[in-house]
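Model, not experiment: these values are computed from the prediction.
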Amino acid sequence: MKKSVFFGALAMTGLVAGAAMAQDSTTLAAVKERGALKCGVNTGTPGFAVPDANGTWKGFDIDVCRAVSAAIFGDSEKVEYVPLTSATRFTALASGEIDMLARNTTWTFTRDVDLKNVFVGVNYYDGQGFMVPKDLGVSSAKELAGATVCIETGTTTELNLADYFRVNNMEYEPVPVESFTEAQTQFLAGACDVYTTDASALAASRASFENPEGYVVLPEIISKEPLGPLVRHGDDAWADVVMWTLNTMIAGEEYGITSANAAELAAGTENPEINRILGAEGELGAMLGLEKDWALNVLTQVGNYGESFERNIGENTPIGLARGLNALWTNGGLIYTPPFR
């Protein structure tokens with residue numbers, strides 16, 4: 001009996017020591033010392049990441065960067081945004097040029113394992129689609145044999161396109177482009193018959209056209225594109241900070257914690273999960289190497305997942321996206337977070 005108690009105590013001591021070690025993040029320490037988070041973002045996709053007329057970055061992905069900044073500094077604006085193309089994003093992360101990437105990036109096996117990234121979650125479930133001029137007279141992607149297709153190089157989109165045309169025994173002529181902006185320019189100039197990318201980006205692109213009614217997004221979705229933030233392999237404690245910041249936004253929507261009521265709820269509620277999230281109970285912040293009010297700062301300054309979605313890309317915005325798969329699991333979607341305990 002005494003031996004069992006001894007080994008039980010020894011195991012608990014090991015767990016406590018492990019927890020203390022997990023707080024030691026070289027990336028978090030570097031971010032704190034620098035006084036700003038370096039966040040890699042898209043060079044410009046309306047609704048997701050784009051600078052406004054004053055040069056202020058806004059968007060659904062931008063809110064993830066802002067949320068991490070709020071968690072660390074208690075200030076969502078301590079972010080240095082680094083615009084990156086599809087070709088440069090992974091190199092920038094691997095080299096330490098950025099601390100995290102929040103740039104409509106698909107979670108795949110090779111990007112996770114071979115490129116040694118850690119995807120910390122999914123903030124948008126997407127799929128690849130096709131857009132064509134209405135006067136092309138096409139109603140299905142299976143009618144695109146022989147078409148010229150604008151395609152961003154170095155992306156899963158490029159590989160999915162090749163697979164789709166191969167499976168359907170069709171030929172196509174690729175028109176390589178380097179960025180979302182170049183793809184739009186080439187497509188509108190008639191350099192290609194078809195523009196293919198994530199369906200969300202097609203919606204954002206079409207909404208920005210002078211004559212959006214002149215273009216049609218075809219019904220086929222040909223891939224799974226789970227998009228989300230990522231960090232480098234090798235710093236699990238930093239991955240935890242980014243992961244649980246995203247989870248905070250998701251849990252905020254699930255439990256009805258908004259930017260308007262979070263401060264009031266932080267005083268204490270009858271719901272233990274809300275109390276743990278907002279710091280009224282427990283020491284979750286300390287486990288991450290953050291202050292007790294880290295999650296409260298995320299929710300008051302950036303808002304919950306639903307607030308961010310509706311503000312940036314929802315049905316009442318020019319992008320006009322329905323929640324669909326990106327509804328909470330309680331509403332038939334895939335958005336789900338582990339417990340805060």
Subject >> P229 side chain reached by N123 side chain, heavy atoms, under 4.5 Å >> reply: yes

Original post:
Between V122, T105, N104, which is the residue that forms a side chain to side chain contact (heavy atoms under 4.5 Å, CB included) with L227?
Top reply: N104

**OP:** Please lay out, stage by stage, how T27 and D99 fare under the test side-chain hydrogen bond (donor to acceptor under 3.5 Å, both in side chains).
**Re:** CA-CA 7 Å; T27 307; D99 305 308; over 6 Å; no

Subject >> Full working for salt bridge (charged side-chain N to carboxylate O under 4.0 Å, His left out) between R89 and E152 >> reply: CA-CA 13 Å; R89 54 186 164 171; E152 283 188 59; over 6 Å; no

Subject >> Heavy-atom side-chain contact between W329 and L334 under 4.5 Å >> reply: no

Original post:
Of all residues at least two apart in sequence or in a different chain, which pass the salt bridge (Lys or Arg N to Asp or Glu O under 4.0 Å) check with K78?
Top reply: none

Subject >> Within-4.5 Å side-chain heavy-atom neighbours: T110 and L115 >> reply: no

Original post:
Heavy-atom distance under 4.5 Å between the side chains of V120 and V118, does that happen here?
Top reply: yes

**OP:** Side-chain contact test, heavy atoms from C-beta onward, threshold under 4.5 Å: evaluate it for L299 versus S259 and give yes or no.
**Re:** no

Original post:
Taking C-beta and beyond as the side chain, do N42 and P83 meet within less than 4.5 Å on heavy atoms?
Top reply: no

Original post:
D126 and K224: salt bridge (charged side-chain N to carboxylate O under 4.0 Å, His left out), yes or no, with the steps?
Top reply: CA-CA 6 Å; D126 212 340; K224 294 184 293 183; over 6 Å; no

Subject >> E97 and S95 side chains, donor-acceptor separation under 3.5 Å >> reply: no

Subject >> Verdict with reasoning, M243 to V231, per side chain to side chain contact (heavy atoms under 4.5 Å, CB included) >> reply: CA-CA 10 Å; M243 176 193 304; V231 298; over 6 Å; no

Original post:
Do the charged groups of E77 and K58 touch, with an N to O distance under 4.0 Å?
Top reply: no

Subject >> V302 vs M249 side-chain heavy atoms within contact, under 4.5 Å >> reply: yes

Subject >> Any donor-acceptor N or O pair under 3.5 Å, side chains E281, N275 >> reply: yes

Original post:
If only atom types and distance count, is the side chain of T317 paired as donor or acceptor with the main-chain N or O of G314 below 3.5 Å?
Top reply: yes

**OP:** Return yes when atom CZ of F209 has more than 12 non-hydrogen atoms of other residues, nucleotides or ligands closer than 6.0 Å, and no otherwise.
**Re:** yes

Original post:
Can you name the closest pair of heavy atoms from Q184 and S205 and give their distance?
Top reply: NE2-OG, 2.9 Å

**OP:** Just jot down the side-chain contact (heavy atoms from CB on, under 4.5 Å) partners of I313, sequence neighbours excluded, or say none.
**Re:** F48, F60, Y124, F309, I319, L321

Original post:
If you take all heavy atoms of P338 and N247, which pair is closest and at what distance?
Top reply: CD-ND2, 3.8 Å

Subject >> Connected hydrophobic set around M170, excluding itself, where side chains approach under 4.5 Å >> reply: F130, V132, L136, V138, L144, V149, I151, L161, Y164, F165, Y172, V194, V216, L218, I222

Subject >> Aromatic ring proximity Y195/Y215, centre distance under 6.0 Å >> reply: no

Original post:
Is R311 salt-bridged to D63, cutoff N-O under 4.0 Å?
Top reply: yes

Original post:
Is a side-chain donor-acceptor pair under 3.5 Å present for E173 with T148?
Top reply: no

Subject >> side chain to side chain donor-acceptor pair (under 3.5 Å), paired with Q128, selected from D198, T156, T155, T196 >> reply: T196

**OP:** Keeping the roles fixed (side chain from S69, backbone from C65), state whether a donor-acceptor pair exists under 3.5 Å.
**Re:** no

Subject >> E264 atom CD, neighbour heavy-atom count above 12 within 6.0 Å >> reply: no

Original post:
Is it the case that E178 and T85 place a side-chain donor and acceptor less than 3.5 Å from each other?
Top reply: no

Original post:
Hey, is K134 close enough to E213 for a salt bridge, meaning N to O under 4.0 Å?
Top reply: no

**OP:** Evaluate the criterion side chain to side chain contact (heavy atoms under 4.5 Å, CB included) for residue pair M100 and V64; output intermediate values, then yes/no.
**Re:** CA-CA 10 Å; M100 61 175 285; V64 177; 4.0 Å; yes

Original post:
Under a single-linkage definition using a 4.5 Å side-chain heavy-atom cutoff for Ile, Leu, Val, Met, Phe, Trp and Tyr, are W294 and V31 assigned to the same hydrophobic cluster?
Top reply: yes

Subject >> Side-chain heavy atoms of V41 within contact of L84, under 4.5 Å >> reply: no

